[in-house]
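When reading the values below, keep in mind they use all heavy atoms of this one structure, side chains included, and skip hydrogens, waters and symmetry mates. As the structure is a computational prediction, the values presented were derived from the model and not from experiment. Below, read A as the first sequence line, B as the second, and so on, with proteins coming before strands; counting in each chain starts at 1.
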Amino acid sequence: MSEGACERRCFPSISRSPLKEQKMVNLNEGSKTSNKSLDRKHWILQQRRSLPIASVERRLVDEVRKNDTIIIVGETGSGKTTQLPQYLFNAGFCRDGKVIGITQPRRVAAVTVAKRVAEECDVQLGQKVGYAIRFEDATSTSTRIKYMTDGLLLREALLDPILSRYSVIIVDEAHERTVHTDVLLGLLKKVQDARLKQHKLDKPYINNVVKFDNECHSSNMKFAPLKLIIMSASLDAKGFSEYFCGAKAVYVQGRQYPVDILYTYHPEPDYVDATLITIFQIHLDDGPGDILAFLTGQEEIELVDMLVHERLKQLPECSRNILTVPIYSSLPSEQQMNVFRPTPSNFRKVILATNIAETSVTIPGVKYVIDPGVVKSRYYNPVTGMESLIIMPISKAQALQRSGRAGREGPGKCFRLYPESEFWKLIDSTVPEIKRCSLSNVVLQLKALGFDDIIGFDFMDKPTRSAIKQSLQELYLLGALTDDCKLSDPVGIQMARFPLDPIYSKALILSGEFKCLEEMLIVVAMLSVESIFYSPREKLEESVVIIYEMALLYFSPPVIFYYKARSAWKKFSSPDGDHLTLVTIFRAAVEYREKIRSATNKEKAIDKSLSRWCRDNFINNRSLKHALDVHSQIKVYLEQMDMSLSSCGDDVLQFRRCLTASFFLNAAEKQPDGSYRVKANGQNVQIHPSSVLFRTKPECIIFTELIQTNQIYVRNISRAWMPELSQYYDVES
DNA sequence: GAGCACTGC
């Protein structure tokens with residue numbers, strides 16, 4: 001055990017705001033015969049009035065009237081997301097049937113906030129207040145306040161380039177700087193310019209920036225200027241203000257309790273151990289309240305979980321009242337829900353979380369936060385086109401976000417497992433995603449929106465030139481761009497319509513020619529979701545445990561852990577590779593679902609049976625459902641494009657030909673030592689052991705995933721069809 | 001013979 005973690009000093013609280021205790025109306029109080037819905041309405045009204053933003057309603061509306069763009073910096077709990085759209089609606093911003101659009105980076109936020117606002121407005125969800133996210137549209141012609149994901153608004157812009165339905169667009173959580181948010185900000189700036197120009201000239205809308213081929217706008221319509229509101233929780237509005245030509249920034253106070261920040265004296269060499277020590281230190285020395293510890297991933301969470309229980313045994317009986325609850329995104333949702341269960345009396349809950357608990361999930365009852373100051377983050381190398389996950393220091397903004405989680409319900413404490421001097425060395429805010437991911441999709445979208453000069457596009461943070469060039473090149477090789485770098489017709493235009501990775505879109509288009517669209521659609525849907533295979537590490541059945549313990553003597557543990565799952569998957573596996581294996585799984589699932597459907601028409605019962613089928617076959621239920629959704633969504637697009645769902649039936653060669661033609665950039669050939677060499681760039685790679693071709697090792701393969709962990713692996717592999725491949729590469733390359 | 005931060009269309 002390191003000693004450093006025990007010595008701490010206290011620094012003044014960094015996040016505090018004047019706090020007035022709000023008198024809450026208890027719904028359970030009072031006469032039971034009284035009208036409950038009236039009580040609820042009264043309670044909601046009181047809640048709304050007590051929000052910090054309520055006192056500045058008039059000022060905010062005035063600012064929006066006076067300025068076309070404003071930045072609102074609102075701390076957590078200010079009420080900006082739910083209240084501002086209502087203020088603007090009441091102030092007449094939805095006249096002439098115009099809509100106020102509010103974008104969110106996450107689906108769940110769009111849905112929950114819309115539900116809340118519909119209740120506050122006392123309307124049915126989908127009427128005046130609605131939401132739209134992928135696969136779900138809860139809006140109607142009467143919707144005036146529309147919550148949506150930022151990615152969905154980008155898609156809308158493809159059909160309506162000047163977003164003519166909207167009078168106001170509010171970009172919420174802009175500080176998170178997702179790719180979608182960043183592209184949207186650039187687009188909205190242009191839309192604003194275009195609408196303003198048209199408005200001033202009082203002429204039909206014409207411009208050379210935004211494509212304009214949608215028939216509903218070719219009439220002589222006049223558009224009012226677009227009001228743009230950027231909402232951010234970060235204290236630094238300067239970046240946004242500069243980007244929007246000096247737009248005014250307005251601060252709205254939040255409602256957050258003070259959080260004491262504690263640092264270590266010395267850097268901790270082992271943050272996992274330091275986390276463990278801190279958990280026990282809080283448990284033994286501090287008052288009641290749950291602990292939230294941020295860790296980097298599933299493996300680390302499982303390790304700490306185990307170590308906590310091991311060390312608990314060393315404590316006296318009366319101090320063993322700790323309950324650990326892990327949470328990370330790939331955990332099945334029923335298990336995720338455990339964090340919301342009330343802690344049994346006399347127990348202290350210790351939540352072991354990834355950064356899912358930073359923004360996506362708000363856990364009640366947290367009084368103590370442990371922040372080791374690291375995060376697992378995706379790193380993309382544009383030169384090799386490879387992505388890897390690395391553990392790296394967090395940013396100051398992230399550290400603030402984490403400590404804020406301790407002050408949601410009362411004063412809290414945050415233990416930063418690093419010295420204060422280290423805090424000041426952290427970067428101010430996380431590098432925007434657009435600077436660390438593949439840009440192929442972004443470039444394709446921008447081209448489809450009519451922006452031809454990608455390098456000159458007005459990004460808030462410009463991606464590197466090399467990343468843009470690499471994407472342009474990839475899109476050119478896929479046939480989406482012409483020799484002069486314009487979107488090709490029809491391939492490029494079609495590709496941009498699909499909500500898929502460009503390379504998958506291309507595969508779909510090609511598979512029409514190869515008469516195996518049905519199969520490719522399944523492959524693309526299955527590849528577009530998280531891993532379809534689920535291999536639990538725990539909950540081994542007793543009989544298995546005995547075998548496991550015996551077998552431990554002979555094999556390494558992973559072999560046994562996955563034995564059962566492996567044997568379940570065996571019946572799906574195809575000798576031609578992982579792609580046809582995925583097709584078999586998908587079809588088996590659909591067949592099973594239809595069988596159940598013929599017995600019952602209750603959707604819930606069908607869902608339940610399907611999850612049981614998934615569990616029996618070690619398939620990830622959530623991923624499979626997602627793949628089914630993607631499949632039906634893309635099918636609609638294909639029908640709209642008059643592409644018929646042709647199947648190659650048993651003609652596997654035809655499918656391999658198509659796969660090879662689609663993914664020729666991802667071809668690799670076997671080397672004498674059993675490793676593979678990527679034909680396009682000479683990179684040396686290994687077949688991932690999860691592949692059905694791991695042992696077979698064919699001469700030439702096509703892969704659809706390249707990842708770097710301890711080694712450079714390719715995953716999702718099929719046998720290439722050599723004659724097809726020779727069309728793209730010289731025979732001796 | 002191995003490993004999965006978090007989102008999104």
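- For A/T709, the listed nucleotide lying nearest its side chain is B/dC4; candidates were B/dC9, B/dC4, B/dC6.
- Both A/S377 and A/P499 lie near DNA chain B, and the one whose nearest nucleotide falls closer to the 5' end is A/S377.
- Between the side chains of A/S429 and A/R177, no donor-acceptor pair of N or O atoms lies under 3.5 Å.
- Look at A/K146 and A/E156 and you find a salt bridge, because one of the NZ, NE, NH1 or NH2 atoms lies within 4.0 Å of a carboxylate O, short of that distance.
- Within the 4.0 Å cut-off from OP1 or OP2 of B/dA5, not a single side-chain nitrogen or oxygen of A/T296 is found.
- Side-chain polar atoms of A/T430 and A/S395 form a donor-acceptor pair below 3.5 angstrom.
- Against the 90° criterion about 0, the sugar-base torsion of B/dC6 places it in the anti range.
- Here B/dT7 is the nucleotide among B/dG3, B/dT7, B/dA5 with the atom lying nearest to any side-chain atom of A/I356.
- A close approach under 4.0 Å does occur between a side-chain nitrogen or oxygen of A/N710 and OP1 or OP2 of B/dG3.
- Distance CD1 (A/I634) to C1' (B/dG8): 13 Å, rounded to an integer number of Å.
- Applying the salt bridge (charged side-chain N to carboxylate O under 4.0 Å, His left out) test to A/E300 and every residue at least two apart in sequence or in another chain returns nothing.
- We find that CD of A/Q633 is positioned 7 Å from C1' of B/dC9, with the value rounded to whole Å.
- Following rounding to the nearest Å, A/H626 (NE2) and B/dC9 (P) show an atom-to-atom distance of 8 Å.
- Within the nucleic acid shown, A/L152 comes within 4.0 Å of sugar-phosphate atoms alone, with no base atom in reach, counting heavy atoms only.
- Panel note: side chain A/D270, backbone A/D273; a donor-acceptor pair is recorded below 3.5 Å.
- Residue-level contact check: A/R378 touches the bases, meaning some heavy atom is under 4.0 Å from a base atom.
- Checking B/dC4, B/dG8, B/dG1 against the side-chain heavy atoms of A/L389 singles out B/dC4 as nearest.
- A/T178 comes within 4.0 angstrom of nothing in the nucleic acid, heavy atoms only.
- Here the P atom of nucleotide B/dA5 and the CZ atom of A/R106 are 18 Å apart, to the nearest Å.
- Taking atom OH of residue A/Y504 and atom C1' of nucleotide B/dC9, one finds them 15 Å apart after rounding to whole Å.
- Residue A/Y713 is classed as a sugar-phosphate contact, given heavy-atom separations below 4.0 Å to backbone atoms only.
- The side chain of A/S329 sits closest to B/dC6 out of B/dG8, B/dC6, B/dA2.
- Counting any heavy atom pair closer than 4.0 Å across all strands shown, A/D150 reaches no nucleic acid atom.
- One N or O donor and one acceptor, one from the side chain of A/R695 and one from the base of B/dG1, sit under 3.5 Å apart.
- In this structure, A/T149 reaches the B/dC9 phosphate: one of its side-chain N or O atoms is under 4.0 Å from OP1 or OP2.
- Closest approach to the A/E433 side chain among B/dG8, B/dT7, B/dC4 is made by B/dT7 (side chain taken as heavy atoms from C-beta onward).
- Here the P atom of nucleotide B/dC9 and the CD atom of A/Q445 are 12 Å apart, to the nearest Å.
- At the heavy-atom level, A/S531 lies nowhere under 4.0 Å from the strands shown.
- For the pair A/N355 CG and B/dT7 P, the computed distance is 9 Å after rounding to whole Å.
- One interatomic measurement links the two molecules: CD of A/E136 to P of B/dG8, which rounds to 12 Å at whole-angstrom precision.
- With sequence neighbours excluded, no residue satisfies side-chain hydrogen bond (donor to acceptor under 3.5 Å, both in side chains) with A/K376.
- When the side-chain nitrogen and oxygen atoms of A/R715 are compared with OP1 and OP2 of B/dA2, none of them lie within a distance under 4.0 Å.
- When each of B/dC9, B/dA5, B/dT7 is scored by its nearest atom to the side-chain atoms of A/T354, the top-ranked nucleotide is B/dA5.
- Among B/dG1, B/dC9, B/dT7, the nucleotide with an atom closest to any side-chain atom of A/S360 is B/dT7.
- Between A/H175 and A/F240, the ring centre distance reaches or exceeds 6.0 Å.
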